[in-house]
Asks: 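Sharing a structure here in structure tokens format.
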Amino acid sequence: MKPYKPQEIEPKWQEKWAEKKIYQAKDFDPKPKFYTLIEFPYPSGAGLHVGHARSWSAMDAFSRKKRMEGFNVLYPIGWDAFGLPAENYALKMGQHPSQTVAENIARFKKQCQDLGLSFDWSREINTTDPKYYKWTQWIFLQLLEKGLAYRAKTPVNWCPVCKTTLADEEVLADGLHERCGQPTEKRQQEQWLLRITQYAQRLLDDLGLVDYSPKIAIQQVNWIGKKEGINIVYEIEKMEEKVTVFTTRPDTNFGATFIVLAPEHPLVEKIVVEEYREKALNYVAAAKAKTEEERISQGRKKTGVFTGCYALNPLTNLRMPIWVSDFALMSFGTGAVVGVPGHDLRDFEFAKEFDLKIIRVVVGPDGDASEILKPEQVQEQEGEMVNSDFLNGLSIAVATKKMMNYIEQKGWGGRQTIFHLRDWVFSRQHYWGEPIPIVHCPKCGIVPVPKKDLPVELPFVERYEPSGTGESPLAKMTDWVNVKCPECQSPAKRETDTMPNWAGSNWYFLRYLDPDNEKELSSLSKMKYWMPVDIYQGGFEHTTLHLLYSRFIHKFLYDIGAVSTSEPYAKRRSHGIVLGPDNRKMSKSFGNVVNPDEIVLKYGADTLRLYEMFMGPFDQTTAWSEKGLQGCSRFLNRAWRLFQENVREEETPGHLLKKLHQTIKKVTQDLEELKFNTLVAALMEFINDWSDSYLSQKDAELFTQILAPAAPHIAEEIWCEVLGKEFSIHQTGWPQYDEKQMIEEMTTIIIQVNGRVRGEVKIKDQISKIKNEVENEAKTNERVVKYLQGKKIKKTVFVPGRLINFVV
RNA sequence: GCCGAGGUGGCGAAACUGGUAAACGCGCGAGAUUUAGGAUCUCGUGCCGCAAGGCUUGUGGGUUCGACUCCCACUCUCGGCACCA
């Protein structure tokens with residue numbers, strides 16, 4: 001028998017697959033299309049990660065099955081090569097990013113090919129290719145033209161290590177930069193922003209049109225953070241000015257006792273009375289100077305200053321002191337809060353700190369109607385209104401509606417919907433990104449580069465370290481920066497900020513459809529054929545980053561008629577990450593990184609692919625185990641041997657034929673549902689049965705076919721070299737299972753007494769469905785008899801073909 | 001605090017619409033083969049017990065003839081969000 005040598009057979013078939021171009025997708029093919037998308041990688045210096053290998057080989061198996069089922073499958077890949085990590089890596093290597101990126105791409109590509117992934121390489125794209133980013137820039141100009149890109153001086157997140165601004169989505173909950181892990185700061189800086197907020201409602205609503213796994217959809221809903229409330233305008237005593245607050249709980253307004261303004265609120269300056277002025281302005285200055293980190297480190301301890309003015313609560317005629325405190329955020333609502341200390345814990349803490357009046361207007365389910373003195377008494381959620389005139393006795397929900405109507409009728413305010421989602425900070429002060437195609441002219445102002453002059457190519461610079469001054473390194477390139485204004489021809493300067501790394505990934509899946517198009521980002525007819533993406537597989541960490549951004553951009557492109565669908569991805573699933581053998585995140589510093597190259601060299605790509613699918617549920621985080629890998633290697637070796645020794649020129653025995661059809665069914669279903677772990681288990685179960693038996697040539701072919709998606713090389717080798725079939729197995733059809741072959745002639749019926757298993761009986765399948773027959777059989781069962789002796793059977797529960805339960 | 005996911009053998013995990021809990025793999029034990037190791041093959045392997053039998057899906061309760069699965073309460077772990085009005 002020939003030994004199984006993956007190191008010999010794998011490269012052989014990889015070459016032949018490439019030569020025969022069997023994985024190329026065909027535009028406009030009459031077969032039904034299927035577009036499988038994986039997140040294209042950033043080609044890091046570390047090379048392919050076993051995490052990449054996991055999701056790509058699983059989706060490869062999925063795509064291979066789709067192809068065999070007769071779909072015209074598009075499974076493409078490209079490179080997301082702009083951005084901070086690429087720049088940082090190049091700096092570390094002392095090379096230009098264009099060089100390191102090219103090297104890294106070459107390595108990644110080789111690694112993908114060594115894994116035998118069925119990507120359509122004819123459609124490979126690279127976001128740093130000027131022919132590609134021409135269209136990234138074109139999209140920016142379209143956004144500008146439609147007023148969705150604008151410049152503003154806003155507080156932005158700043159990473160002092162990477163020396164650049166960041167989007168909110170790039171800053172983690174504890175204020176750390178998601179890429180480098182260092183603390184970020186807030187800075188005021190003139191920035192390009194994109195009005196993603198204008199699409200907030202549609203991004204929310206249209207989640208109903210797509211099939212995203214619930215946790216992805218829910219996280220997007222939370223991030224968009226729609227809140228419906230009301231803006232209430234209060235008169236300020238002895239002043240012209242009025243103060244507007246946003247609240248979702250107007251029902252508690254009979255309990256409102258004070259107002260708090262954010263330190264940045266423009267009203268502070270105007271209304272603060274002389275006596276308190278100095279103290280207040282000092283507080284404002286101090287609050288503005290605080291970093292995020294400092295604010296967080298103070299915890300919930302409330303600080304603040306009084307302005308000396310009072311707003312009037314029209315419901316109660318109560319004079320509500322107006323305070324300034326940094327717990328009110330200028331970036332949320334109107335930057336002003338009405339304090340209801342009895343029914344909001346934060347307001348309570350503030351009132352306690354500064355000895356402000358507390359009124360109870362809700363009695364909770366505990367019935368406590370006493371004066372509110374302790375935080376535990378603050379009833380925020382449920383209860384019945386009290387001390388609230390026309391609201392008394394109503395539930396919170398009813399009272400809220402009633403009060404909203406009342407306020408609107410009285411003309412004190414109007415309903416307002418707000419979102420947590422912020423506009424997207426879209427400029428970075430770095431070299432390695434798409435130049436923003438803008439010219440700043442002293443006469444004409446902001447002038448877009450004419451579309452015929454795109455792309456604005458990134459100039460080659462020797463020194464591209466970030467300056468840290470808030471200016472992009474491109475600013476030093478005077479030759480490049482100084483241009484004539486496209487409008488008036490007078491001397492002007494180019495925009496030197498570049499786009500964030502998310503820019504190129506907003507629309508890359510459209511470019512795969514038409515990678516060489518020089519006239520448009522992708523042709524409408526090709527989009528009409530291929531779009532939407534049928535399944536998009538990626539990391540959960542991109543839910544509120546890339547996934548949300550690209551939906552926004554796609555909707556915009558749809559609105560201007562540049563794409564054919566309103567949503568880019570029909571279905572989205574995420575996968576779990578692969579941890580190191582020590583159960584920690586793989587990282588150089590832990591020394592627990594597993595390199596796929598070494599695994600391929602030692603065990604072969606098929607073993608690696610199989611193990612990555614087998615290691616655990618696809619959407620769940622799992623630790624790497626070399627032992628588990630060996631189990632998969634053994635499986636392939638056993639299968640290899642069985643194909644050589646246990647295939648006969650005879651009909652397959654009945655029990656094994658039945659198992660084969662059951663396995664075909666299981667593999668078919670599991671692949672469709674992305675249950676890769678149980679699909680591999682099913683294949684293993686089958687060969688365990690096969691090892692005591694034999695298959696006919698015809699049935700051995702069927703098994704090879706269902707093995708092919710998961711282990712494509714060994715399947716091809718067996719197909720062509722052992723079974724003597726024609727190249728290629730991956731272009732054959734998908735086996736159909738035959739329900740008739742799966743029928744069992746004998747069924748095991750479980751016998752229970754009082755719900756406890758007391759015995760079992762094997763009987764003919766037809767008989768197992770007849771109650772009387774089974775009951776007689778069961779009552780005389782040797783093991784069961786003693787449990788029934790001397791007892792009276794009160795009830796008999798019979799599940800046809802499954803079990804019988806005597807209740808005594 | 002809020003939102004989400006999860007807790008099953010020594011380990012990774014299975015279990016359809018409520019119907020034999022632990023499939024498959026790892027590990028472990030015994031044996032075969034081998035000069036030895038490794039590899040391979042065979043058998044065994046949830047826990048307690050010599051056995052009969054009993055116990056077992058984070059904890060406590062409930063519904064049911066029957067619960068990993070459904071309901072209620074609690075608890076722990078992980079992911080996300082958070083002075084968000």
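Here is the naming used below: chain letters follow the sequence lines, and residue numbers restart at 1 for every chain. Just so you know, these numbers come straight off a predicted model, no measurement behind them.
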Asks: Scan residues 607-622 of chain A for pairs that pass side-chain hydrogen bond (donor to acceptor under 3.5 Å, both in side chains), counting only residues two or more places apart or in two chains.
Replies: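 For residues 607-622 of chain A, and leaving out neighbouring residues, the side-chain hydrogen bond (donor to acceptor under 3.5 Å, both in side chains) pairs sorted by first residue read A:Asp60-A:Arg609.
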Asks: Roughly how many Å apart are B:rU33 and B:rC47, using the P atom of each and rounding to a whole number?
Replies: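 To the nearest whole Å, 29 Å.
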Asks: Of all the choices, B:rA85, B:rC83, B:rG4, which nucleotide is nearest to the side chain of A:Lys302 once you look at every atom?
Replies: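 Of the options given, the side chain of A:Lys302 lies nearest B:rC83.
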Asks: Quick one: side-chain hydrogen bond (donor to acceptor under 3.5 Å, both in side chains) pairs with a partner in residues 252-263 of chain A, sequence neighbours left out?
Replies: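 Checked against side-chain hydrogen bond (donor to acceptor under 3.5 Å, both in side chains) - neighbours excluded - the pairs reaching residues 252-263 of chain A are A:Tyr234-A:Asn253.
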Asks: Under a 3.5 Å threshold, yes or no: a donor from one side chain and an acceptor from the other, between A:Thr678 and A:Asp670?
Replies: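 Side chains of A:Thr678 and A:Asp670: pair found under 3.5 Å.
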Asks: Looking only at side-chain N and O atoms, does A:Arg638 come under 4.0 Å of OP1 or OP2 in B:rC41?
Replies: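 A:Arg638 to B:rC41 OP1/OP2: side-chain N or O found under 4.0 Å.
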Asks: Given the rule that a pair is Watson-Crick or G-U wobble with both distances under 3.5 Å, how would you write RNA chain B in dot-bracket, using | for pairs to a different strand?
Replies: (((((((..(((......[....)))((((((.......))))))(((....)))..(((((..]....))))))))))))....
Asks: Which part of the nucleic acid, if any, lies within contact of A:Glu541, taking any heavy atom under 4.0 Å across all strands shown: a base, the sugar-phosphate backbone alone, or nothing?
Replies: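 No contact.
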Asks: Answer yes if the side chains of A:Glu39 and A:His542 hold a donor-acceptor pair under 3.5 Å, and no otherwise.
Replies: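 There is such a pair (donor and acceptor under 3.5 Å, judged by atom type) between the side chains of A:Glu39 and A:His542.
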Asks: Of all residues at least two apart in sequence or in a different chain, which pass the side-chain hydrogen bond (donor to acceptor under 3.5 Å, both in side chains) check with A:His575?
Replies: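 So A:His575 forms a side-chain hydrogen bond (donor to acceptor under 3.5 Å, both in side chains) with A:Gln537.
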Asks: Checking contacts here: which listed nucleotide (B:rC24, B:rC84, B:rA14) is nearest the side-chain heavy atoms of A:His420?
Replies: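 Within the option list, the nearest is B:rC84.
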Asks: Please list, pair by pair, any protein nitrogen or oxygen found under 3.5 Å from a nitrogen or oxygen in nucleotides 52-54 of chain B.
Replies:
| residue | atom | partner | partner atom | Å |
| --- | --- | --- | --- | --- |
| B:rG53 | OP1 | A:Lys786 | NZ | 2.8 |
| B:rG54 | OP1 | A:Arg758 | NH1 | 3.4 |
| B:rG54 | OP2 | A:Arg758 | NH1 | 3.3 |

Asks: Mind checking what makes side-chain hydrogen bond (donor to acceptor under 3.5 Å, both in side chains) contact with A:Lys5, not counting sequence neighbours?
Replies: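 Checked A:Lys5 against side-chain hydrogen bond (donor to acceptor under 3.5 Å, both in side chains); zero matches.
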Asks: Parallel, tilted or perpendicular for A:Trp323 and A:Phe306, by the 30°/60° rule?
Replies: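 Ring orientation, 0 to 90° scale: tilted.
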Asks: Are any side-chain N or O atoms of A:Trp502 and backbone N or O atoms of A:Leu545, one a donor and one an acceptor, separated by less than 3.5 Å?
Replies: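 Not a single qualifying donor-acceptor pair exists.
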Asks: Using the C1' atom as the point on both nucleotides, what is the distance between B:rG9 and B:rC84, in whole Å?
Replies: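 One C1' to the other, the span is 46 Å.
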Asks: Expressed in whole Å, how much space separates the C1' atoms belonging to B:rG54 and B:rG60?
Replies: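 About 22 Å, rounded to a whole number of Å.
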Asks: Please give the distance between the P atoms of B:rU56 and B:rU69 as a whole number of Å.
Replies: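 It works out to 14 Å between them.
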Asks: Step by step, work out the side chain to side chain contact (heavy atoms under 4.5 Å, CB included) result for A:Ile763 and A:Glu773.
Replies: CA-CA 10 Å; A:Ile763 42 179; A:Glu773 299 273 352; over 6 Å; no
Asks: When A:Thr400 is tested against each of A:Thr247, A:Asp251, A:Thr248 for side-chain hydrogen bond (donor to acceptor under 3.5 Å, both in side chains), which residue passes?
Replies: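 Option passing the side-chain hydrogen bond (donor to acceptor under 3.5 Å, both in side chains) with A:Thr400: A:Asp251.
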Asks: So, using side chain to side chain contact (heavy atoms under 4.5 Å, CB included) as the criterion, who are the partners of A:Pro581 when residues are at least two apart?
Replies: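 Side chain to side chain contact (heavy atoms under 4.5 Å, CB included) list for A:Pro581, sorted by chain: A:Asn592, A:Val594, A:Trp624.
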Asks: Identify all pairs in which a protein N or O lies below 3.5 Å from an N or O of nucleotides 15-20 of chain B, and state each distance.
Replies:
| residue | atom | partner | partner atom | Å |
| --- | --- | --- | --- | --- |
| B:rG19 | O2' | A:Arg802 | NE | 3.4 |
| B:rG19 | N2 | A:Gln752 | OE1 | 3.1 |

Asks: Holding to side chain to side chain contact (heavy atoms under 4.5 Å, CB included), I want the full list of residues that pass it with A:Ala778, two or more places apart in sequence or in another chain.
Replies: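 Expected list: A:Ile751, A:Ile804, A:Phe806.
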Asks: Within the structure shown, what part of the strands sits under 4.0 Å from A:Pro214 by heavy-atom distance: base, sugar-phosphate, or nothing?
Replies: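 Nothing: the residue A:Pro214, judged by heavy atoms under 4.0 Å, touches no strand.
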Asks: On RNA chain B, does the nearest nucleotide to A:Lys627 precede the nearest nucleotide to A:Phe806 from the 5' side, or the other way round? Give the residue.
Replies: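 Closer to the 5' end of RNA chain B: A:Lys627.
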Asks: What distance, rounded to whole Å, do you find between the two C1' atoms, one in B:rG46 and one in B:rC68?
Replies: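 Rounded to whole Å, the distance is 15 Å.
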Asks: Give a yes/no answer on whether the side chain of A:Gln630 brings an N or O atom under 4.0 Å of OP1 or OP2 in B:rA39.
Replies: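 For A:Gln630, the contact criterion (side-chain N or O under 4.0 Å from OP1 or OP2 of B:rA39) is not met.
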Asks: Does NZ or CZ of A:Lys302 lie under 6.0 Å from the centre of the six-membered ring of A:Phe354, at an angle within 45° of the ring axis?
Replies: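 Geometry flag: not set, cation outside 6.0 Å or 45°.
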Asks: Less than 4.0 angstrom between a side-chain N/O of A:Lys215 and OP1 or OP2 of B:rA5, yes or no?
Replies: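 No, because none of the side-chain N or O atoms of A:Lys215 sits under 4.0 Å from OP1 or OP2 of B:rA5.
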Asks: When you measure from every atom of RNA chain B, which of residues 219-229 of chain A have a heavy atom less than 4.0 Å away?
Replies: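 By residue number: A:Gln219, A:Asn222, A:Trp223, A:Lys227.
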Asks: Closest-nucleotide mapping onto RNA chain B: is A:Ala681 or A:Thr621 further toward the 5' terminus? I mean the 5' end.
Replies: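 Here A:Thr621 is the residue nearer the 5' end.
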Asks: Look at the side-chain N and O atoms of A:Arg634 and state whether any lies under 4.0 Å from the OP1 or OP2 oxygen of B:rG27.
Replies: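 Answer yes for this pair, as a side-chain N or O of A:Arg634 is under 4.0 Å from OP1 or OP2.
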Asks: Strictly below 4.0 Å: does A:Asn583 bring a side-chain N or O up to OP1 or OP2 of B:rG12?
Replies: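 Checking A:Asn583 against B:rG12: no side-chain N or O falls below 4.0 Å of OP1 or OP2.
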Asks: Tell me every residue that passes side chain to side chain contact (heavy atoms under 4.5 Å, CB included) with A:Ala623, counting only those two or more places apart in sequence or in another chain.
Replies: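 Per chain and number, A:Ala623 pairs via side chain to side chain contact (heavy atoms under 4.5 Å, CB included) with A:Leu579, A:Asn583.
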Asks: Looking at B:rG25, B:rC83, B:rC84, which one has an atom nearest to any side-chain atom of A:Phe332?
Replies: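 Side chain of A:Phe332 sits closest to B:rC84.
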Asks: Suppose you measure atom P in B:rU8 against the same atom in B:rA23; what distance do you get, rounded to whole Å?
Replies: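 Comparing P positions in B:rU8 and B:rA23 gives a spacing of 16 Å.
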Asks: When you check the glycosidic angle of B:rG9, does it come out syn, meaning within 90° of 0, or anti?
Replies: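 It is syn.
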Asks: Hey, can you pull the donor-acceptor pairs under 3.5 Å for the side chains in residues 631-645 of chain A, sequence neighbours left out?
Replies:
| residue | atom | partner | partner atom | Å |
| --- | --- | --- | --- | --- |
| A:Asn637 | ND2 | A:Ser633 | O | 3.0 |
| A:Trp640 | NE1 | A:Lys2 | O | 2.7 |
| A:Arg641 | NE | A:Glu645 | OE1 | 3.4 |

